[in-house]
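Owing to the predicted nature of the structure, the values given are computational and were not obtained by experimental measurement. Letters go in sequence order (proteins before strands), and every chain restarts at 1.
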Amino acid sequence: MSALGIGFAAMNYWLMKSEPTTFSVDALAASPKQTTAWDGVRNFQARNMLRDEVKKGDLVFLYHSSCEVPGVVGVMEVVREGYPDATQFDPKDDHYDPDSRREDPRWYCVDVQLKRKFKRIITLEELRAHRRLANLKLLQRGNRLSVMPVTKTEWDYVLSLE
DNA sequence: GCCAACGTTGGC
DNA sequence: GCCAACGTTGGC
């Protein structure tokens, strides 16, 4: 709370993974308002973050996974907080979940908008080479979450690599 | 395509 | 509640 009594919530930072063959930074750049629903997440831990912790105004690294050069490719901003992921109710969608009820949705998504595409990919290989990033969740052994928190220190350091 | 790591499922 | 089997992720 500031001296003027204006509420102030600390911004949080995140990293979200996408396979570029499914959805890439260029696809996001070409989307209306450069905005998309970050849907299709089907992991409970990641779901909890999307539903409860990811807030409007938070900044997000977009990470390309399962591709020739995995790495961070740009920055997105959360423009809408957690709401039920519509794909869970669509039988034709790959992410359809017949066990989810509309009155008690199992899966959530947020909306993100592209802020900036990096001039170059900050590669996974490069991230691994920096000791200052040793605690980055992305680099932890066995971590497969598609949504994960990034500390402000890590955020600033990764940005400085561009 | 391989495989390590981890999450989920389901029989008991 | 245990735990084996199975499925998925994702780097290599």
Side-chain angles (χ1 to χ4, degrees), chain A residues 12-31 36-54 58-78 81-112 114-151 153-162:
Chain A
N12 285 313
Y13 300 90
W14 307 92
L15 180 147
M16 297 186 189
K17 297 180 187 172
S18 180
E19 299 187 17
T21 53
T22 304
F23 193 78
S24 67
V25 64
D26 290 330
L28 180 56
S31 300
T36 191
W38 203 261
D39 56 19
V41 173
R42 295 294 181 269
N43 169 283
F44 287 104
Q45 257 183 284
R47 185 282 309 270
N48 291 346
M49 286 188 272
L50 291 177
R51 187 188 59 190
D52 306 329
E53 296 179 46
V54 179
D58 286 357
L59 295 176
V60 183
F61 282 138
L62 173 53
Y63 177 87
H64 280 178
S65 65
S66 294
C67 56
E68 197 173 343
V69 185
V72 179
V73 294
V75 173
M76 311 186 290
E77 179 178 343
V78 177
E81 290 179 13
Y83 64 99
D85 175 348
T87 65
Q88 69 194 303
F89 303 121
D90 180 359
K92 296 188 295 296
D93 195 281
D94 285 345
H95 301 288
Y96 177 57
D97 183 349
D99 296 328
S100 183
R101 317 241 135 257
R102 281 187 185 275
E103 59 274 19
D104 184 22
R106 178 176 290 179
W107 306 113
Y108 280 71
C109 62
V110 299
D111 286 356
V112 288
L114 182 65
K115 299 296 288 181
R116 195 159 66 83
K117 177 185 171 180
F118 291 159
K119 295 182 188 69
R120 64 180 192 86
I121 301 173
I122 301 174
T123 67
L124 175 62
E125 183 183 23
E126 187 178 353
L127 296 174
R128 285 197 194 286
H130 288 270
R131 300 190 60 199
R132 292 275 300 278
L133 297 175
N135 291 325
L136 197 64
K137 286 244 186 338
L138 177 75
L139 306 181
Q140 301 309 302
R141 176 187 180 82
N143 175 49
R144 300 175 311 171
L145 284 180
S146 63
V147 178
M148 65 190 83
V150 174
T151 68
T153 307
E154 291 164 344
W155 179 273
D156 291 341
Y157 192 79
V158 172
L159 280 183
S160 76
L161 299 178
E162 186 189 4

Query raised in the report: Nearest of C:dC12, B:dG7, C:dG10 to any side-chain atom of A:Ser65?
Result: C:dG10
Query raised in the report: Once you round it to whole Å, what is the distance between C1' of C:dG11 and CD of A:Glu126?
Result: 17 Å
Query - Pair A:Tyr83-A:Asp111, side-chain donor/acceptor within less than 3.5 Å - result: yes
Query raised in the report: By salt bridge (charged side-chain N to carboxylate O under 4.0 Å, His left out), which residues pair with A:Glu126, not counting sequence neighbours?
Result: A:Arg120
Query - Sequence-distant partners of A:Asp93, salt bridge (charged side-chain N to carboxylate O under 4.0 Å, His left out), two or more places apart - result: none
Query raised in the report: Given atom CG of A:Asp94 and atom P of C:dG7, what is their separation to the nearest angstrom?
Result: 17 Å
Query raised in the report: Nearest-Å distance, CE (A:Met16) to P (C:dG10)?
Result: 14 Å
Report summary line: For A:Ala134 and A:Gln140, the nearest pair of non-hydrogen atoms, with its separation, is O-NE2, 2.9 Å
Query raised in the report: Between atom CD in A:Glu19 and atom C1' in C:dT8, what is the gap in whole Å?
Result: 10 Å
Query - Whole-Å gap separating C1' (B:dG7) and CG (A:Asn43) - result: 7 Å
Query raised in the report: Atom CD of A:Gln140 to atom C1' of B:dC6: distance rounded to whole Å?
Result: 15 Å
**Report entry** C:dG10 phosphate, OP1 or OP2, under 4.0 Å from A:Lys17 side-chain N/O
**Finding:** yes
Query raised in the report: Out of B:dT8, C:dG11, B:dG7, which has the shortest distance to the side chain of A:Phe44?
Result: B:dT8
Below 3.5 Å, can you tabulate the donor-acceptor pairs from side chains in residues 64-77 of chain A to any protein atom, sequence neighbours excluded?
{"unit_1": "A:His64", "atom_1": "NE2", "unit_2": "A:Val25", "atom_2": "N", "d": "3.1"}
{"unit_1": "A:Glu77", "atom_1": "OE1", "unit_2": "A:Lys115", "atom_2": "NZ", "d": "3.1"}

Requested in this report: Return the value, rounded to whole Å, for the distance between atom CG of A:Leu127 and atom C1' of C:dG10.
Outcome: 15 Å
Going by atom type alone, with no hydrogens or angles, which donor-acceptor pairs under 3.5 Å involve a side-chain atom of residues 39-47 of chain A and a protein atom two or more places apart or on another chain?
{"unit_1": "A:Arg42", "atom_1": "NE", "unit_2": "A:His95", "atom_2": "O", "d": "3.1"}
{"unit_1": "A:Arg42", "atom_1": "NH1", "unit_2": "A:Asp85", "atom_2": "OD2", "d": "2.9"}
{"unit_1": "A:Arg42", "atom_1": "NH2", "unit_2": "A:Asp85", "atom_2": "OD2", "d": "3.4"}
{"unit_1": "A:Arg42", "atom_1": "NH2", "unit_2": "A:Thr87", "atom_2": "OG1", "d": "2.9"}
{"unit_1": "A:Arg42", "atom_1": "NH2", "unit_2": "A:His95", "atom_2": "O", "d": "2.9"}
{"unit_1": "A:Asn43", "atom_1": "OD1", "unit_2": "A:Gln45", "atom_2": "N", "d": "3.0"}
{"unit_1": "A:Asn43", "atom_1": "OD1", "unit_2": "A:Ala46", "atom_2": "N", "d": "3.0"}
{"unit_1": "A:Arg47", "atom_1": "NH1", "unit_2": "A:Arg106", "atom_2": "O", "d": "2.7"}

Query - Residues in salt bridge (charged side-chain N to carboxylate O under 4.0 Å, His left out) contact with A:Arg132, at least two apart in sequence or another chain - result: none
**Report entry** Residues touching DNA chain C, which here means a heavy atom under 4.0 Å, drawn from residues 66-73 of chain A
**Finding:** A:Ser66, A:Pro70
Report task. Rounded to the nearest angstrom, tell me the gap between atom CZ in A:Arg47 and atom P in C:dT8. Result -> 19 Å
Query raised in the report: Quick one: is A:Tyr63 getting a side-chain N or O under 4.0 Å of the C:dT9 phosphate, OP1 or OP2?
Result: no
**Report entry** A:Arg144 (side chain) and C:dT8 (base): donor-acceptor pair under 3.5 Å
**Finding:** yes
